[in-house]
Amino acid sequence: MLDIKRIRDNEAEVREGLINRNADTKVLDDFIEADKKRRVLLTEVEQLKSQRNTVSKQIGLKKRNGEDTTEIQNQMKDLGVEIAKLDQDAKEIEESFQNLLLKIPNVPCKTIPVGKDESANRVAKTVGEAETFDFEPKDHVTLGENLGMFDFERGTKITGSGFPLLLGMGSRLQRALIQFMLDMHVDKHGYTEMLPPFVCNAASMTGTGQLPKMEDDMYKTTEDGLYLIPTAEVPVTNFYRQDIIDKELPVCLTAYTPCFRREAGAAGKVNRGLIRVHQFDKVEMVKFVKPETSYDELESLLDNAEDVLKALGLHYRILELCTGDISFAAAKCYDIELWAPGQDAWLEVSSCSNFEDFQARRASIKYKDEAGKNQFVHTLNGSGVALPRLMVAIIENGQQEDGSIVLPDAIVPYMGGIKTIK
RNA sequence: GGAGAGGUGGCUGAGUGGCUGAAAGCGCGGGAUUGCUAAUCCUGUGUAGUCUAAUUACGGGCUACCGGGGGUUCGAAUCCCCCCCUCUCCGCCA
């Protein structure tokens, strides 16, 4: 959430941010109104409480002196009724105030492109070149099913559409990739590995910004009110919820988790196979940093994600997302897209975002600055990277005319020396 | 899942209705003293909201917070109810 003072003092700046996001500014208007009401009410009720506290203390003193206090007690009783009534009003306005605050998105960073939707995203760079084929390249579904790497029909039978089932070398390749990426982030990039819960409570979901807005996009357990995580960002960031980090910043964590997302993709060719699914695996990187370093840290986070793709020799590009395309909690975001020749399309495999103090305020994550004062950290996260589309790119780029898949050299040691899936 | 014990400030730990936002100790900050290392003494040391102030800053007032929520009372860390968590024992279990 945003700093209340920032909204009060720089309303125009916040409003502009929302407009640039293509977001409704009504929530801001409502918030400002609620804020005014709340402050008036708080002042009033707190004055009455102060009065009550003072008199109550006097009652205590008088009683000890044996004086009769019946009359002032009755007066205080009446005051108590009034306070209770105002308190109720204050509670209601406080609730709506908080709810509105939680619904205001982050203000986009000043430097990012302004635009309504993805058409305004800027291609920051393109790395490598598209694989060329002297035959018609097939898509990953055809290739993988022929090789027994996955069985989508049975996944659908067991659970429903969008729940992919990997098999044999498909399963093995994905496991190898997870291991490969975690090793890289831990050994080369200095992250600490974490294996968190895959289910989180509402407080955690609110902390990172999934709730209240994305409630319908998540799987929820009926008995316990817990949510299946849509990304490792949730448990990993909430590691420090309600905490003051006592470690030297930055703190860098990485985690493999499955991710569960309800949002239904349109069925059909563009979302065929592994492209858009309800359950997928991902290796995530999360950073807790000092505010003044967060934009440098974003660049290094992006580097860390790119390293994976470079090591695998894949053709990719970096998009700098525009104001209308960044997520609710982000101030700035880079997407990484892989080239998939079988799709003849770019596939998003990573989003690297700086949330500034937006999540830290929601989740109350602080550190002690040089002066010993508690300050909110900045949080960042990025996929490093998501598995299904990485699989798609490896399969479609490595395909041979005979339908076999030549694997990137870097992954071979993780495959027990297997160089080709056939 | 059942039974018992317990959850107080950075930590240890006192506190069963008012003089307790909270003793004491430890830790930490500032100062003094001692010719080394060390020790001693003094002093300060929670968070959030809100009002006030105003160029910021510093400050001051008030309210709330002793696991969370509700209740009783003029007044609650303290009494009552519900929930959560931790520990011990039992049950079940990969």
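Below, read A as the first sequence line, B as the second, and so on, with proteins coming before strands; counting in each chain starts at 1.
- With a 3.5 Å ceiling on both atom-pair distances, B/rA94 lacks any Watson-Crick or G-U wobble partner.
- Relative ring orientation between A/F288 and A/Y240 is described as perpendicular, the plane-to-plane angle rising above 60° on a 0-90° scale split at 30° and 60°.
- Summarising the base pairing, B/rU45 is matched to B/rG27 through a Watson-Crick or G-U wobble pair whose two defining distances lie under 3.5 Å.
- Between the CG atom of A/D243 and the P atom of B/rU47 there is a distance of 15 Å, rounded to whole Å.
- With P as the reference atom, B/rC19 and B/rG6 are 25 Å apart, rounded to whole Å.
- Nearer to the 5' terminus of RNA chain B, by closest-nucleotide assignment, is the contact made by A/I4 (compared with the other of A/Q47 and A/I4).
- Contact annotation: A/R39 reaches the phosphate of B/rC51 (side-chain N/O to OP1 or OP2, under 4.0 Å).
- Relative ring orientation between A/H189 and A/Y191 is described as perpendicular, the plane-to-plane angle rising above 60° on a 0-90° scale split at 30° and 60°.
- Using a 4.0 Å heavy-atom cutoff across all strands shown, A/R361 reaches no nucleic acid atom at all.
- Distance noted for atom P between B/rG1 and B/rA64: 37 Å (whole Å).
- B/rG49 and B/rA57 have their P atoms separated by 15 Å, given to the nearest Å.
- In terms of phosphate contacts, A/R52 brings a side-chain nitrogen or oxygen within less than 4.0 Å of OP1 or OP2 of B/rG75.
- A/K91 has a side-chain polar atom (N or O) that falls below the 4.0 Å cut-off from OP1 or OP2 of B/rG70.
- Residue A/E71 places its CD atom among 12 or fewer non-hydrogen atoms of other residues, nucleotides or ligands, all under 6.0 Å distant.
- In this entry the distance linking CE of A/M1 with C1' of B/rG49 reads 12 Å, nearest Å.
- Using modelled atom types and a 3.5 Å distance limit, the side chains of A/Q359 and A/T379 yield a donor-acceptor pair.
- In the interface, the side chain of A/Q73 is not paired with the base of B/rG75 through any donor and acceptor atom under 3.5 Å apart.
- The side chain of A/N53 contributes no N or O atom lying less than 4.0 Å from OP1 or OP2 of B/rG75.
- When both distances must be under 3.5 Å, the Watson-Crick or G-U wobble mate of B/rU86 is B/rA5.
- In this entry B/rC66 has no Watson-Crick or G-U wobble partner, no candidate having both defining distances under 3.5 Å.
- Within the shown strands, nothing qualifies as a pairing partner of B/rC58 under the Watson-Crick or G-U definition with both distances less than 3.5 Å.
- A/L48 has its CG atom 15 Å from the C1' atom of B/rA64, to the nearest Å.
- Rounded to whole Å, atom C1' of B/rC58 lies 11 Å from atom NZ of A/K373.
- Rounded to a whole Å, the CG atom of A/L226 is 12 Å from the P atom of B/rC84.
- Remark: P of B/rG71 and CD1 of A/I83 are 14 Å apart, rounded to the nearest angstrom.
- Nucleic acid contact class of A/I59 (heavy atoms, under 4.0 Å, all strands): base.
- As rounded to the nearest Å, B/rC26 and B/rU40 have P atoms that lie 9 Å from one another.
- One interatomic measurement links the two molecules: CG of A/L41 to C1' of B/rG49, which rounds to 14 Å at whole-angstrom precision.
- Searching all strands for a Watson-Crick or G-U wobble partner of B/rU37 with both distances below 3.5 Å returns nothing.
- Residue A/K49 has its side chain nearest to B/rU63 when only B/rC74, B/rC51, B/rU63 are considered.
- Ring-centre distance between A/F358 and A/F328: below the 6.0 Å cut-off.
- Here, B/rA38 and B/rG29 have their P atoms 14 Å apart, quoted to the whole Å.
- A donor atom on one side chain and an acceptor atom on the other are not found under 3.5 Å apart for A/S300 and A/D303.
- Atom pair A/Q98:CD and B/rU50:C1' shows a separation of 14 Å (rounding to whole Å applied).
- Taking the ring centroids of A/Y219 and A/Y227, they lie at or beyond the 6.0 Å cut-off.
- Closest to the A/K366 side chain, of the nucleotides B/rC74, B/rC62, B/rA48, is B/rA48.
- When Watson-Crick and G-U wobble pairs are counted only if both distances are under 3.5 Å, B/rG21 pairs with no nucleotide at all.
- Put simply, A/K5 has no side-chain N or O that comes within less than 4.0 Å of OP1 or OP2 on B/rG49.
- Between A/S50 and B/rU63 there is a side-chain N or O to OP1 or OP2 distance below 4.0 Å.
- Separation of the C1' atoms belonging to B/rG13 and B/rA23 is 10 Å when rounded to the nearest angstrom.
- Base-pair partner of B/rA14: not found among the strands shown (Watson-Crick or G-U wobble, both distances under 3.5 Å).
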